[in-house]
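For the numbers below, each heavy atom of this structure counts, side chains included, while hydrogens, waters and symmetry mates do not. These figures come from a predicted structure and were not determined experimentally. Quick note on labels: first sequence line is chain A, next is B, and so on, each numbered from 1.
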Number of protein chains: 2
Amino acid sequence: MNTKSEEDYLKCLYHLQEGKSAVSTNEIAKYLSMKASSVSDMLKKLADKNLVNYLRYKGSTLTKKGELIALNIIRKHRLWETFLVEKLGISWSKVHFIAEQLEHVNSEELIEKLDYFLGHPDIDPHGDPIPKKNGTIATLNQKLLSELNVEEKGIITGVKKGTPSLLNYLDKQNIKLGNSIHLISKIEFDHSLEVKINNKKITLSEKICNNLLIEVSYG
Amino acid sequence: MNTKSEEDYLKCLYHLQEGKSAVSTNEIAKYLSMKASSVSDMLKKLADKNLVNYLRYKGSTLTKKGELIALNIIRKHRLWETFLVEKLGISWSKVHFIAEQLEHVNSEELIEKLDYFLGHPDIDPHGDPIPKKNGTIATLNQKLLSELNVEEKGIITGVKKGTPSLLNYLDKQNIKLGNSIHLISKIEFDHSLEVKINNKKITLSEKICNNLLIEVSYG
DNA sequence: ATTAATTTTTAGACAAGGCTAAAAATTTTA
DNA sequence: TAAAATTTTTAGCCTTGTCTAAAAATTAAT
């Protein structure tokens, strides 16, 4: 088994390496709120364990083995978030912090039974796909709201980052995943957007639009 | 907040101090599979935090503050065990190990919502009372089966220690908490007991009888 | 293409929480 | 009640995972 700390690094690497060919030590340090020197040490350790490809001064990536572990932690995190929202009724703005702790609990039976109890969910409360036991993970077809063209329509299917203040704002506006959205016009001055959500007109700031993920409806 | 390690000591002290006026360093060491020297160190630390009354060479007890923390951890442990058995269908012989991890997850809202979700249970799957949020805990009126007199009747309400092999044996014999029991006779030679459980006759070894808790039916 | 700035690594320190070995206190035994 | 045995504590060491400061490598700028 790996320590909580090692698991945090692997998960971090998974999130940061998406798209990129390598992740810099500094990026990891920033993401985990640690010093680059600490990160450097840990990367060496993870490389020794064959979980990370680490080239001095050149950045790191997960090995296949490391990626599978990372995906398993993400699976646990997202299943727990689903449980906390769906079964316990905890706000989607608060579950991340709790799931950060629960994801390190080590019991395969627990996770498989939890998955069954939840009905094998594909998507967590923030719209992120839940990796399967074997490490496969769905890729969703979604765009940032800010990248939509005027008159395009779609469904709100996720948030880019589940910052509590964003989620609380969406709650207050009664905006939920699954709601339909229709881009009416772009305001040039401040890059805010006029949209219709569930047929109700509303203006969303640039920052909001940069964090809402939309599945565009074609045809 | 306290560390996982500190929490383990407090919980251990709670379990060991029952009845006694003080708990020796060695007892704690044995219970936690550690060396007495390590325990000595930690007791000093917990005494500094005002969680433990510690007198050099004279043993330790929990302070009121320490006891409340211990009870809270036990509350979490037993609520989680209830969840694992009742909702996820995990065997009562396996939940202790998992709950040992879950009990250290820190979120008051999580525990209160879990308690609500479970219907505010009073008793965990092994028959132990679940402390309330304020630290109160029920005292149950139960005796060891081995202490019953011939012809006494009652209900099986708990196990003294949830050792997996005991629990698996009970499963195999289809003996469950809540079953009625009637002591038919005592076998002098090996101290085993002939009993009727749910009106079916069965012989239970001395060791089993020393671990089954019975609520005796009077009148 | 050097120099300057930045990033990364190395070296050494520290706290937590274990351990072993030795010293001190207590308890048991004769 | 004095010696022996046991328990407990102290002292010092180790590992994990963090940090700071300094050195080394890379990248950017003039």
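Nucleotide dT9(C) holds its P atom 10 Å from the CG atom of L55(A), rounded to whole Å. To the nearest angstrom, P of dG18(C) lies 8 Å from CG of L32(B). Per the geometry, CD belonging to E27(A) stands 17 Å off P belonging to dT6(C), to the nearest Å. The nearest whole Å value for the distance from the CE atom in M42(B) to the C1' atom in dC19(C) is 14 Å. Atom P of nucleotide dA16(C) and atom NZ of K49(B) are separated by 9 Å, given to the nearest angstrom. Following rounding to the nearest Å, M34(A) (CE) and dT20(D) (P) show an atom-to-atom distance of 13 Å. To the nearest angstrom, C1' of dC19(C) lies 10 Å from CG of D41(B).
Between the side chain of S37(A) and the base of dT20(D), a donor-acceptor pair under 3.5 Å is found.
In this structure, K87(A) satisfies the cation-pi test against F117(A), with its NZ or CZ atom closer than 6.0 Å to the six-membered ring centre and inside 45 degrees of the ring normal.
At dT9(C), one or more side-chain N or O atoms of T25(A) fall inside 4.0 Å of OP1 or OP2 (strictly under the cut-off). For the pair R56(A) and dT10(C), the criterion of a side-chain N or O lying under 4.0 Å from OP1 or OP2 is met. Proximity of N26(B) to the phosphate of dT6(D): no side-chain N or O atom is located under 4.0 Å from OP1 or OP2. Here S40(B) reaches the OP1 or OP2 of dT9(D): one of its side-chain N or O atoms lies under 4.0 Å away. The phosphate of dT9(D) (OP1 or OP2) has a side-chain N or O of Y54(B) nearer than 4.0 angstrom. For dT9(D), the OP1/OP2 oxygens have no side-chain nitrogen or oxygen of K35(B) closer than 4.0 Å.
For Y57(B), counting side-chain heavy atoms from C-beta on, the closest listed nucleotide (dT8(C), dG18(C), dT9(D)) is dT9(D). Of the candidates dC19(C), dT26(C), dT8(C), dT26(C) carries the atom nearest the K58(B) side chain, counting heavy atoms from C-beta on.
Separating the CD1 atom in I187(A) from the CD atom in E206(A) is a distance of 12.5 Å, to the nearest 0.5 Å. With values rounded to the nearest 0.5 angstrom, N53(A) atom CG is found 9.0 Å from Q17(A) atom CD.
Only T3(B), S5(B), Y9(B), listed by number, bring a heavy atom of residues 2-23 of chain B to less than 4.0 angstrom from any atom of DNA chain C.
A138(B) and P129(B) get closest at one heavy-atom pair: O-CG, 3.4 Å.
Legend: residues meeting ring pair (Phe, Tyr, Trp, His ring centres under 6.0 Å) with H96(A), ordered by chain and number and at least two apart, are H77(A).
There is a side-chain donor-acceptor pair under 3.5 Å between H104(B) and D8(B).
Paired with E103(A) under the rule salt bridge (charged side-chain N to carboxylate O under 4.0 Å, His left out), one option of K76(A), K11(A), R75(A) passes, and it is K11(A).
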